[in-house]
Protein chains: 2
Amino acid sequence: MANKTRITIKDVARAAGCGVATASRVLNKSGSASSETRERVEQAARDLGFAFSATGRALQSRKSMTVGCLIPSLANPVFAEAVQGAQEELRKEGYQLLVASSNYDGETDNEILTTLLAKDVDGLLVTMVDPQDSSALNMAQGRNVPTCLMFHDPLPGWPSAHVSNAEAAAEVARRFARYGHRRTGFLALRFATSDRSRNRFDGFRAECAAQNLPAPELIEITETEANTPSILAQRLCEHPELTAIFASNDFLAIAVQKAANLMGWHVPQDLSVVGFDGIEVGRLLDRPLATIETTPEAMGRQAAQTLLVGLQGGEMAELTPLPFTFRVGATLSTPRTKSPDDDRGAAQSPSVPPLTSNVKQG
Amino acid sequence: MANKTRITIKDVARAAGCGVATASRVLNKSGSASSETRERVEQAARDLGFAFSATGRALQSRKSMTVGCLIPSLANPVFAEAVQGAQEELRKEGYQLLVASSNYDGETDNEILTTLLAKDVDGLLVTMVDPQDSSALNMAQGRNVPTCLMFHDPLPGWPSAHVSNAEAAAEVARRFARYGHRRTGFLALRFATSDRSRNRFDGFRAECAAQNLPAPELIEITETEANTPSILAQRLCEHPELTAIFASNDFLAIAVQKAANLMGWHVPQDLSVVGFDGIEVGRLLDRPLATIETTPEAMGRQAAQTLLVGLQGGEMAELTPLPFTFRVGATLSTPRTKSPDDDRGAAQSPSVPPLTSNVKQG
DNA sequence: TTGTAGGCGTTATCAG
DNA sequence: CTGATAACGCCTACAA
């Protein structure tokens with residue numbers, strides 16, 4: 001009942017019979033004190049169950065020991081893992097992470113950054129829709145709040161822990177070419193709000209050109225389409241000439257397989273599929289997914305380490321892209337036939353109803 | 001260069017030619033002010049790009065508008081989604097989330113809680129190893145910091161957003177029984193540090209008994225074993241009598257399938273598998289996973305909403321368990337044979353080498 | 001309507 | 001070695 005809400009250093013000082021300054025020195029092991037008062041203070045602190053208030057400290061020291069972290073969503077394991085890595089790294093140095101997600105919305109991005117800045121974060125870890133043109137991010141810069149991006153390809157002004165999206169995508173194009181694919185597609189979700197996705201497409205298209213392949217087809221889909229195999233199947237049917245699809249992330253790639261199955265197409269013979277990210281489950285699928293394997297947790301770690309340098313007043317260098325690997329899987333092979341108008345899959349499952357109706361029954 | 005580090009309300013007051021109290025009133029739309037000074041203050045604030053310091057406010061108001069969130073790991077999508085849901089819900093009311101993960105370690109749990117408390121969080125959202133016996137959690141209670149657990153089955157003293165682990169597990173036992181399985185196994189990871197896992201096992205075992213099935217076999221594995229199909233296969237081989245396995249989460253369930261494939265066992269005929277959680281990819285697998293479907297994001301939301309009540313001084317009621325559903329999949333069927341010592345899979349793939357050697361080549 | 005003053009919890013400064 | 005005291009940024013009486 002008589003619970004004094006909070007025990008402050010004042011209480012400790014009083015209990016120890018000394019001034020607050022002395023108590024502060026003892027408890028912080030700064031300054032010096034006679035072993036006698038030291039003892040009394042420590043005893044009092046223990047008895048009272050004293051703990052410093054980080055808020056009071058922050059106000060006085062102008063350091064909140066808190067880092068703000070903005071990402072699109074924790075529901076995407078790629079971002080969640082990056083945050084996990086960053087959090088571990090920062091905690092070692094005593095920093096806590098204030099996490100917020102924008103749900104891929106540019107306005108929310110700015111609102112969150114503003115709030116984070118108001119909370120006096122000492123640094124920022126950011127993945128957002130449009131970092132190049134964010135008033136809030138500029139404000140962070142103006143206030144000299146060290147900031148490190150994550151996932152974004154290099155941008156003037158901020159370091160970014162990233163994998164070269166264009167180069168990784170180019171690797172996919174080369175693989176496709178090597179296997180004899182010509183008509184390819186790039187399946188994208190939230191193309192408008194993801195520079196990562198756009199950069200992947202650009203890199204993919206450029207390398208297709210370099211490999212003398214026709215320009216890849218850009219297929220943009222909505223979240224609903226991605227989550228409903230039958231609808232996705234319809235969308236794929238609009239591009240019967242494609243023999244290989246590069247999905248902008250692994251979930252989409254898996255969805256493509258599902259949709260293909262629905263239509264009686266065989267992956268990879270009828271349609272090859274390659275993903276991006278390299279999430280763990282891709283490897284556990286019956287038909288392990290060919291994909292670009294990245295290491296989001298390492299990305300978060302790298303971002304955190306760089307930020308730590310900035311936090312200590314150092315200069316944050318531009319970051320070398322993290323390595324990626326092409327994970328070989330069972331979803332990429334040579335196309336069944338070079339003839340684009342072949343009635344694919346028919347030989348395998350002659351009993352399958354016409355595609356359109358089949359799609360509808362999905 | 002001449003960047004004054006921070007613009008405070010004092011600066012605004014000076015620029016507007018008035019006292020700080022007036023500026024505060026105007027900017028907070030509390031108290032009243034002549035429309036004239038109001039104008040001047042707002043103008044000044046805009047010109048200077050003023051923003052309140054949450055730290056100063058927190059110190060003064062004794063409200064940090066921050067909620068601490070402790071979970072085992074963001075690398076587990078189940079927790080990540082819960083945090084996502086909670087974050088969205090809390091942001092609506094102006095709260096930010098301070099997130100930290102313990103990596104399933106009980107000591108770290110306490111360290112983190114202590115730090116969070118020192119940061120003056122207004123409330124706590126917690127999933128930890130041992131909530132019943134945590135000094136830090138008790139301290140939170142002592143300080144009257146509203147706390148809501150997540151994922152834990154009801155515990156005296158704290159509300160918890162959860163699914164009834166025992167009941168869900170019982171449902172699996174009933175399904176197994178209905179399909180004619182008798183010898184079953186429960187595959188667990190981190191059994192010692194997860195009351196969720198233990199409660200699932202207890203519920204499963206109890207219902208097996210109720211269904212007149214032999215007691216289920218408890219198979220504990222390490223993370224390494226879980227991630228290496230060939231090793232997991234070896235572990236499974238130690239229990240040739242089992243026809244059905246209940247995995248304590250979906251990832252394990254998928255791993256079991258992988259391991260089974262490696263040995264030439266057919267899922268579900270040779271071995272039925274049911275998971276827990278209901279992660280999205282389970283549905284996208286070639287062989288959709290039978291599992292207990294839960295809604296982690298809703299759990300996070302519920303926890304946040306309850307916490308919000310506590311944050312507003314209300315009484316936090318005990319929470320009704322969230323509903324779960326048994327997701328029918330292709331990994332559960334009647335066992336191929338009732339005879340436990342049948343050489344399973346042999347009929348299907350006579351060319352498969354003996355199990356042991358097959359395992360090793362994995 | 002307005003401004004002054006005190007205090008939230010800490011620490012750094014500066015006399016004793 | 002020790003203890004007032006003045007910030008840190010803000011808000012809320014209390015006065016004017």
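- Residue A:R25 places its side chain closer to D:dT2 than to any other of C:dG9, D:dC8, D:dT2.
- Between A:R57 and the phosphate of C:dT11, there is a side-chain N or O to OP1/OP2 separation shorter than 4.0 Å.
- Side-chain atoms of B:S61 come within 3.5 Å of backbone atoms of B:R57 as a donor-acceptor pair (strictly under, hydrogens ignored).
- Atom CZ in A:R6 sits roughly 12 Å away from atom P in C:dC8 (whole-Å rounding).
- Remark: A:N28 is in phosphate contact with C:dT11, judged by side-chain N or O atoms under 4.0 Å from OP1 or OP2.
- Among the nucleotides C:dC8, D:dA7, D:dC11, the one closest to any side-chain atom of A:Q60 is D:dA7.
- Within the 3.5 Å criterion, the main-chain N or O of A:L74 finds a donor-acceptor partner in the side chain of B:Q84.
- When the P atom of C:dG9 is taken as reference, atom CD1 of A:I7 falls 11 Å away, rounded to whole Å.
- A donor-acceptor distance shorter than 3.5 angstrom exists from the side chain of A:T114 to the backbone of A:N110, with no hydrogens or angles considered.
- The nearest pair of heavy atoms linking B:R143 to A:A51 is NH2-CB, 4.0 Å.
- At least one side-chain nitrogen or oxygen of A:T37 sits closer than 4.0 Å to the OP1 or OP2 atom of D:dT2.
- Applying the 4.0 Å criterion to OP1 and OP2 of C:dC8, one finds that B:K63 has every side-chain N and O outside that range.
- B:R62 contributes no side-chain N or O that forms a donor-acceptor pair with the base of C:dG9 under 3.5 Å.
- Both B:G56 and B:V20 sit near DNA chain C, but only B:V20 has its closest nucleotide nearer the 5' end.
- Atoms CZ (B:R40) and P (C:dG3) sit 8 Å apart, rounded to a whole Å.
- Across the protein-nucleic acid pair, B:F50 atom CZ and D:dG9 atom C1' stand 8 Å apart, rounded to whole Å.
- Of the side-chain N and O atoms in A:S34, one or more sit less than 4.0 angstrom from OP1 or OP2 of D:dT2.
- Among all heavy-atom pairs drawn from B:V121 and B:S64, the shortest one is CA-OG, 3.7 Å.
- Listed here is the closest heavy atom pair of B:V99 and A:Q87: O-CG, 3.8 Å.
- Distances shorter than 4.0 Å separate some side-chain N or O of A:T22 from OP1 or OP2 on D:dG3.
- One finds no salt bridge joining A:R301 and A:E81 here, because no Lys/Arg side-chain nitrogen approaches an Asp/Glu carboxylate oxygen to under 4.0 Å.
- Note: CG (B:D11) to C1' (D:dA7) measures 15 Å, nearest angstrom.
- Bending across the helix from C:dT1-D:dA16 to C:dG16-D:dC1, expressed as the angle between its end axes from five pairs apiece, amounts to 50° (10° rounding).
- Across the protein-nucleic acid pair, A:L59 atom CG and D:dA6 atom P stand 17 Å apart, rounded to whole Å.
- B:A33 comes within 4.0 angstrom of sugar-phosphate atoms only, judged by non-hydrogen atoms across all strands, and of no base.
- Side-chain N/O atoms of A:S53 include none lying less than 4.0 angstrom from OP1 or OP2 on C:dT10.
- If you measure from atom CD1 of B:I9 to atom C1' of C:dT4, you get 14 Å, rounded to the nearest angstrom.
- Each of C:dT10, D:dC11, D:dG3 was ranked by its minimum atom distance to the side chain of A:A21; first place goes to D:dG3.
- Regarding A:M65, its CE atom lies at a distance of 18 Å from the C1' atom of D:dC8, rounded to whole Å.
- Contacts of A:A51 with the nucleic acid, taken as non-hydrogen atoms under 4.0 Å apart, involve only primed sugar atoms and P, OP1 or OP2.
- The minimum heavy-atom distance linking B:M150 with B:G300 is given by the pair SD-CA, 4.2 Å.
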